[in-house]
Amino acid sequence: MTESTVSAWAGPVLGDIVVSEATIAQRVAEMGAEIAAHYAGRTPLLIGVLKGAVVFMSDLARAINGPLEMDFMAVSSYGQATSTSGIVRIIKDLDTDIAGRDVIIVEDIIDSGLTLRYLYDYLLSRHPASLEICAMVHKIGIQRAEIPARWIGVSVEPAFLVGYGLDVAGRFRQLPNIHVVNEEHL
Ligand code: IMP
Ligand code: MG
């Protein structure tokens, strides 16, 4: 998928690339190696937050050269809007009992941080042996809750982003690069 073939169908909503496919690939490889080393001799459980984390999760898992398991949760905080409501609803809960497990929450992006904060506390209440956060993107300086993220792919200036799992109204998740949205064209 090249930039020109994407712009042929994406339309004016899709703005400039802010995190390239190459940067993503490099950071995913680095974080995968760090995670494999951190959990040597253990089998971490990666919990992906649907739907945004699906693309990152599948790349990250394949960058972890060691045993692991995967599960998914679905939460809803935004509806169709592009700013947070602060209200988190669990749409799909875990299939796995995480008591005594080494759990890593895998998330696409930390924006207000309210979703992750809620999930972190919720999962902590189920008594994992350890609980860490791995997020691909972190928006600088706008968190409304403290997020103890051990692994962060990239930190970027706040803007509404799409691609690499991130969507606007369900679109653009499959793009290999992360772009800004031209909100005036929404
Ligand atoms: P929070 O504000 O950190 O709670 O973000 C909650 C969720 O909103 C994230 O997991 C994403 O799914 C979504 N989100 C936040 N910022 C963006 C963005 O820039 N583009 C697309 N989705 C976003
Ligand atoms: Mg998400």
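In each ligand, atom 1 is the first atom listed, and ligand 1 is the first ligand listed. This structure is a prediction, so every number in the text was calculated from the model and none was measured. The basis for the numbers below is simple: all heavy atoms, side chains too, and nothing from hydrogens, waters or symmetry mates.
Assignment of Leu114 to the shell around ligand 1 is supported, since a heavy atom sits closer than 4.0 Å. Under the 4.0 angstrom criterion for non-hydrogen atoms, Val162 is not in contact with ligand 1.
Salt-bridge formation is not detected for the pair Arg150/Glu34: no Lys NZ or Arg NE/NH1/NH2 atom is positioned less than 4.0 Å from an Asp or Glu carboxylate oxygen.
Under a 4.0 Å criterion applied to the non-hydrogen atoms of Leu166, ligand 1 contributes the atoms 21 (C), 22 (N). Remark: ligand 1 atoms within the under-4.0 Å shell around heavy atoms of Glu107 are 10 (O). Residue-ligand proximity, Lys139 to ligand 1, at heavy-atom distances under 4.0 Å covers atoms 16 (N), 17 (C), 18 (C), 19 (O). Atoms of ligand 1 lying under 4.0 Å from at least one heavy atom of Leu161, given by number and element, are 18 (C), 19 (O), 20 (N), 21 (C). Atoms of ligand 1 lying under 4.0 Å from any heavy atom of Ala159, numbered from 1 in the order shown and given with element: 19 (O). Of all the atoms in ligand 1, the ones that sit under 4.0 Å from a non-hydrogen atom of Ser112 are 1 (P), 2 (O), 3 (O), 4 (O).
With atom 7 (C) of ligand 1 as the reference point, the heavy atom nearest to it among Ile142, Thr115, Leu50 is part of Thr115.
With Ile98 as reference, Leu123 is the one residue of Leu124, Asp71, Leu131, Leu123 to meet the side-chain contact (heavy atoms from CB on, under 4.5 Å) rule.
Within the 4.5 Å cutoff, no side-chain heavy atoms of Leu114 are placed close to those of Gln143. The shortest side-chain heavy-atom distance between Thr115 and Val75 falls under the 4.5 Å cut-off.
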task: Could you go through the side-chain hydrogen bond (donor to acceptor under 3.5 Å, both in side chains) check for Thr2 and Thr5 one step at a time?
output: CA-CA 5 Å; Thr2 63; Thr5 57; 3.1 Å; yes

query: Could you walk me through whether Asp167 and Phe172 pass the side-chain contact (heavy atoms from CB on, under 4.5 Å) check?
result: CA-CA 5 Å; Asp167 73 301; Phe172 300 127; 5.9 Å; no

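Contacts with ligand 1 closer than 4.0 Å are made by side-chain heavy atoms of Asp108 only, the backbone lying farther away. Within the 4.0 Å heavy-atom criterion, neither part of Gln143 lies near ligand 1.
For ligand 1, the polar-atom distance check against Gly113 finds a nitrogen or oxygen pair separated by under 3.5 Å.
No donor-acceptor contact under 3.5 angstrom links the side chains of Glu132 and Trp151, judged on distance only.
When every heavy atom of Trp9 is checked against every heavy atom of Arg171, the shortest pair comes out as O-NH2, 4.2 Å.
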